[in-house]
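Worksheet for the structure shown next.
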There are 2 protein chains.
Amino acid sequence: MTVTSARAPRRRDALSRQRIVEAAIELLDADGESGLTVRALTSRLSTGRGAIYHHVAGVDDLLAAAADDVIRAATERTADGTDPTTAIRDLSLAIFDALDAHPWVGTQLAREPLQPAVLRIWKSIAVQLQGLGIDGSARSDAGAALASYIFGSAAQFAAGARRSSDEAKRQNYLDALASAWTERDDDQVVRDAASHLRDHDDRKQFMAGIDIFLKGIT
Amino acid sequence: MTVTSARAPRRRDALSRQRIVEAAIELLDADGESGLTVRALTSRLSTGRGAIYHHVAGVDDLLAAAADDVIRAATERTADGTDPTTAIRDLSLAIFDALDAHPWVGTQLAREPLQPAVLRIWKSIAVQLQGLGIDGSARSDAGAALASYIFGSAAQFAAGARRSSDEAKRQNYLDALASAWTERDDDQVVRDAASHLRDHDDRKQFMAGIDIFLKGIT
DNA sequence: ACCTGAACACCGTTCAAGT
DNA sequence: ACCTGAACACCGTTCAAGT
């Protein structure tokens, strides 16, 4: 009685770093940060657990690469030839929209300053600041400030965007948040903030911050 | 032959939420985010695994409570009676120093906008903006912008601060980061940014951003 | 060289049993 | 009511064995 091997047949199409990164983005978009597990990934790619370690260093590396993919697409969409102020606003909006579509990127950007996606954003900003004639340490201060503002906003909006699959859910979330705030601290200043929280527009508020910043550097 | 129970004797001094939060802060300060595990915590508190769940909802709740403890201490140190602009600068510095001493807080702040520590910072800022005569949606835009800037900076500096236990280590880290950047992208604008990165001062750069912001809202 | 999948060394959380 | 610690259902990563 011959016994066939229990081992699964070998996959035919080769794995690659890019294929793995794309699968990771699909998992992250579908289920958030917790959706990216080596087990889910290898099952989706029909491969063994250890296989991905031939192409990526580990889960941290994979998350950074996935975020960089998203940010690359966003920064490349910015038009050349416009004036630097408009370019900074366009760039900011492109990043905002990318984060809105992929909320997990917001959390990831705040995690590690060394990562490629962060360098990409820094560089895009620095180029425009150069266009505004800002140089030396003034440029690096302004660039760092704008980048930090974007990263901070990204992280804050990410939590909201995760729940904004539909408008009702988003409103529920904001109402609950506003109520939790006033419940915890019923100061007038908190009530004001909570009431603005209930009906604010993330995108508009984000751009208001960009404009405060632009006014501050000119 | 009588057999004594293998069970450990019951602890005498009662657990409390505050005792657990304090132990968590000690673990986080000593070993960073990865140092806070239920096992490490219950071993330090000489108690059983499940005991902490009588006082905290879980690890996420505990992290948020620990961050709030640190931020409370920082915001309470801000003096009354000074003019709002000085108060915002003092508040920012107090938060910066708290994050520098407890780098894990920077990462935690970026994780969840609903948490107490975030509300605390929002409120401290809003009070001062009110003092500057900024009201309505202008206040909530300015407050959100400043808070986002602080959260973004916090996360960026956290990664550096974790390595800055001594000056040589910090310089090594910055040099490696600057080299990695220019290696990846040898554009002039990146070389400039990398050279400023090598010898920048986190605290000064953070305050430069606060000042850009203050200029932008007045 | 690349892939497979079992094994390893961890996690957070739950819960029956004790005091 | 509070605590204990085993059990459960997961993780990421490594590595001998296969192709």
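First the proteins, then the strands, lettered A, B, ... as listed; each starts at 1. Values below: all heavy atoms of this structure, side chains included; hydrogens, waters and symmetry mates excluded. Remember, predicted model here, so these are calculated numbers, not experimental data.
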Rounding to a whole Å, what distance do you find between [X]:[atom1] and [N]:[atom2]?
X     : N      : atom1 : atom2 : value
B/L45 : D/dC3  : CG    : P     : 10 Å
B/D61 : C/dG12 : CG    : P     : 14 Å
A/R49 : D/dC10 : CZ    : P     : 12 Å
A/Y53 : C/dA7  : OH    : C1'   : 14 Å
A/I20 : C/dC2  : CD1   : C1'   : 11 Å
B/E33 : C/dC11 : CD    : P     : 15 Å
B/D31 : C/dC10 : CG    : C1'   : 16 Å
A/R19 : C/dC3  : CZ    : P     : 10 Å

### Task
For A/S34 and for A/G50, locate the closest nucleotide of DNA chain D by heavy-atom distance; then report the residue assigned to the nucleotide nearer the 5' terminus.
A/S34

### Task
If C/dA17 has a Watson-Crick or G-U wobble mate with both distances under 3.5 Å, name it; if not, just say none.
none

### Message
Could you identify the nucleotide paired to D/dA9, looking across every strand shown and requiring Watson-Crick or G-U wobble geometry with both distances under 3.5 Å?
### Response
none

State, yes or no, whether a side-chain contact exists between [X] and [Y] at a heavy-atom distance under 4.5 Å.
X      : Y      : result
B/Y149 : A/F213 : no
B/D68  : B/Q115 : no
A/F96  : A/F157 : yes

### Message
Taking the nucleotide of DNA chain C with the nearest heavy atom to each, does A/R39 or A/H54 sit closer to the 5' end?
### Response
A/H54

### Query
If you check every side-chain atom of B/V59, which of C/dT13, D/dT13, C/dC11 has the closest atom?
C/dT13

### Query
Under the side chain to side chain donor-acceptor pair (under 3.5 Å) rule, what pairs show up with a residue in residues 49-58 of chain B, not counting sequence neighbours?
none

#### Entry: Phosphate OP1/OP2 of D/dC3 contacted by B/H55 side-chain N/O (<4.0 Å)
yes

What contact category does [X] fall into here, base, sugar-phosphate, or nothing, at under 4.0 angstrom with non-hydrogen atoms?
X     : result
B/I52 : nothing
A/V38 : base
B/L36 : sugar-phosphate

### Message
Ignoring hydrogens, what is the shortest heavy-atom contact between B/A194 and B/A178? Give both atom names and the distance.
### Response
O-CB, 3.6 Å

